[in-house]
Amino acid sequence: MQMEQLVALCKRRGFLFPSSEIYGGLNGFWDYGPLGVLLKRNVRDAWWHDMVLAHNELVLQNGAPGLYEMTGIDCTIIMHPQIWKCSGHYDLFHDYMVDCRESKKRYRYDHVKGRNATWQGKTVFVTTMETENTQDALEQAALKFFGLRKKDAPNLTWEGMVTPISQLADFSNVLGPDAKTVGTLTEPREFNLMFKTVIGALGGEEDTSFLRPETAQGIFVNFKNVCDSTRVKIPFGIAQIGKSFRNEITPRNFTFRSREFEQMEIEFFCHPSESEKWYRYWRDRRFRWYTGLGLAGDRLRLRDHDKDELSHYSCGTADVEYQYPFLPEGEFGELEGIAHRGDFDLRSHMEGKLVRAGDGLTLELDADGQPRHRGSGKDLSYYDEVTRERFIPHVIEPSAGADRGTLAFLCEAYHVDQVPNDKGEPTERVSLKFHPRLAPIKAAVFPLVKKDGMPELATELYGELKRHFSVFYDDKGAVGRRYRRQDEIGTPYCVTVDGQTRQDGTVTVRDRDTLEQWRVKKDDLTAELRERLS
Ligand code: GAP
């Protein structure tokens, strides 16, 4: 599937629009349209239902099978700035970027890559940000630089492999992705990804705060409140769904890397001696969640991080990854990370910012031997009344992106096949084969024709179904075309009221994927659809 086709469908049918489009758009920001909002809500609801409300997995606890508890929280986007100092985001949450002095554009250092191109003895390292057709983009850049035409391309000489500029000793012979002259890229510099904001009217430096770059910290700083107010017993999880913000240097690939996005995070608190077991449990459970909703096959994988990839807090991380179609052949993109965070976060919010020292963590000190960032000083340990033990829980964190999930479900659902039209001729059909739980519209209701009492019966049926599901009414055009319109937005069932309905009270139900059609008594339709959609 070509990504452009999916992007075009999303715009045309109202799944996703570029934010602020009438003003030219805003890079890294996306709006969900009428169908997109339903799809993303279904993704979030499925997650919340399966992870928080309805989880019923018995696990061995103290030798006996038991259910662990899951609870929820909804924290503010702007929190006390000290939180980001202790969490490490203030000092460590940055990317390296390079600026182009000529084009005035800024690029992520690790995203610019290129290759040496030679024409008539002159060699230049041409670069691009393109991931899908890298060599094509480099060729275009080289032709433009040397003032050549497409027909000259075979006479260019290429040297070496495509290489990130981070592997070059200097940039003096590098042509920036949007530059006309060489040597205009600056040395890489650090750039913090948190969006700054100012609280209150005075606006001094001490009033500066940040839009949260992850929802997780709101859970950690409320750990004690949740324990005290709910009396949950370890092991237990706190879940949160909400917006996060990162000032990504190069947002791209549709919603995959946005500046405003939504996360679905769980912080699961357990006894340190059991944390490895729970890490493996969540790693596998979260992978199964995606396969259960249709992301099966070799486009989905679970990958353990190498030691040098781990975040500053993590003693083990695995990613659920999906082979998004905009990535180069064989490459996967992160959909969710499952991290073993140890006691890093609770300890940081107690004591102050921690750093690694050997295999352990220690308080980071400044030049005067004082804590670099002070913690809250509050006791965030847990007391186990049964074992009479006090300890700082370890944390397993399954952290999913609602937008990346929605995008993966959209990519996986996109299908093109041949089906017969009204005259029985094979025609190309585009359909979104969503899992029924995720489909934005569950059923469409059609009167076969706009006469003989059919619209009245269909409207009545539509009103009845609407009480239970998201349904759509359509009476425009031939039935075959109405089917296509529903296939293209992923509606699993179409229900047609026809001449026979008035005689025997039955309607035709048609399945999006098998194209099978059958008759059902209209009074039994709600139950039938409910059964099939679950
Ligand atoms: N609390 C841990 C944490 O935030 P992360 O790997 O940085 O970990 C978790 O983010 C998930 O959030 C990612 O797997 C991804 O699905 C989503 N995510 C992160 N940055 C994103 C961005 N710029 N645009 C869209 N989704 C993003």
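Order of appearance sets the numbers: ligands from 1, and atoms from 1 within every ligand. Just the heavy atoms: all of them, side chains too, but no hydrogens, waters or symmetry mates, feed the values below. Here, residue 1 is the first one in the sequence, and each next residue gets the next number.
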Which of the numbered atoms in ligand 1 are below 4.0 angstrom from a heavy atom of [X]?
| X | value |
| --- | --- |
| E214 | 1 (N), 2 (C), 3 (C), 4 (O) |
| L335 | 14 (O), 16 (O) |
| A216 | 1 (N) |
| G401 | 16 (O), 17 (C) |
| E265 | 1 (N), 2 (C), 3 (C), 4 (O) |
| E397 | 1 (N), 2 (C) |

When you look at CZ of R41, are more than 12 heavy atoms from neighbouring residues, nucleotides or ligands closer to it than 6.0 Å?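 At most 12 heavy atoms, drawn from other residues, nucleotides or ligands, come within 6.0 Å of this atom.
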Can you tell me if OH on Y290 sees more than 12 non-hydrogen neighbours from other groups inside 6.0 Å?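 Yes, enclosed.
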Tell me, please, whether W282 has R286 positioned over its six-membered ring: NZ or CZ under 6.0 Å from the ring centre and within 45 degrees of its axis?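 That pair does not qualify as a cation-pi contact.
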Looking at Y382, I'd like to know if the NZ or CZ of R390 sits under 6.0 Å from its six-membered ring centre while staying within 45 degrees of the ring's axis.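 Pair R390/Y382 does not count as cation-pi.
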Just let me know how [X] lines up against ligand 1, side chain, backbone, both or neither, with a heavy-atom cut-off below 4.0 Å.
| X | result |
| --- | --- |
| R259 | neither |
| S399 | both |
| E336 | backbone |
| D319 | neither |

Could you tell me whether D99 and R189 have a side-chain N and a carboxylate O separated by less than 4.0 Å?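 Yes, D99 and R189 are salt-bridged.
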Salt bridge present between R341 and E214 (N-O < 4.0 angstrom):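 Yes.
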For [atom], which candidate among [options] holds the nearest heavy atom?
| atom | options | answer |
| --- | --- | --- |
| atom 4 (O) of ligand 1 | E248, R246, R257, M264 | R246 |
| atom 6 (O) of ligand 1 | E267, Q217, R341, E334 | E334 |
| atom 22 (C) of ligand 1 | F261, Y322, F254, W30 | F261 |

Partner of F254 under ring pair (Phe, Tyr, Trp, His ring centres under 6.0 Å), chosen from W30, F29, F17, F326: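 Only one option passes, and that is W30.
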For residues 232-243, run the donor-acceptor check on the side chains, cut-off 3.5 Å, and write out each pair with its distance to 0.1 Å, sequence neighbours left out.
| from | atom 1 | to | atom 2 | distance (Å) |
| --- | --- | --- | --- | --- |
| K233 | NZ | R231 | O | 3.2 |
| Q240 | OE1 | C75 | N | 2.6 |
| Q240 | NE2 | T215 | O | 2.9 |
| K243 | NZ | E260 | OE2 | 2.8 |

Whether D403 lies under 4.0 Å from ligand 1, heavy atom: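 Per 4.0 Å heavy-atom rule, D403 does not contact ligand 1.
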Pick from R44, R288, R437, R285: which one makes a salt bridge (charged side-chain N to carboxylate O under 4.0 Å, His left out) with D50?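 The single option meeting the salt bridge (charged side-chain N to carboxylate O under 4.0 Å, His left out) with D50 is R437.
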Got a sec, which residues hit side-chain hydrogen bond (donor to acceptor under 3.5 Å, both in side chains) with W47, two or more places apart in sequence or on another chain?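 Per chain and number, W47 pairs via side-chain hydrogen bond (donor to acceptor under 3.5 Å, both in side chains) with no residue.
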Do any nitrogen or oxygen atoms of F256 lie less than 3.5 angstrom from nitrogen or oxygen atoms of ligand 1?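 Checking ligand 1 against F256, an N or O pair does fall under 3.5 Å apart.
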Would you say A400 and ligand 1 have an N/O pair spaced under 3.5 Å apart?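 N/O-N/O distance below 3.5 Å does not exist for this pair.
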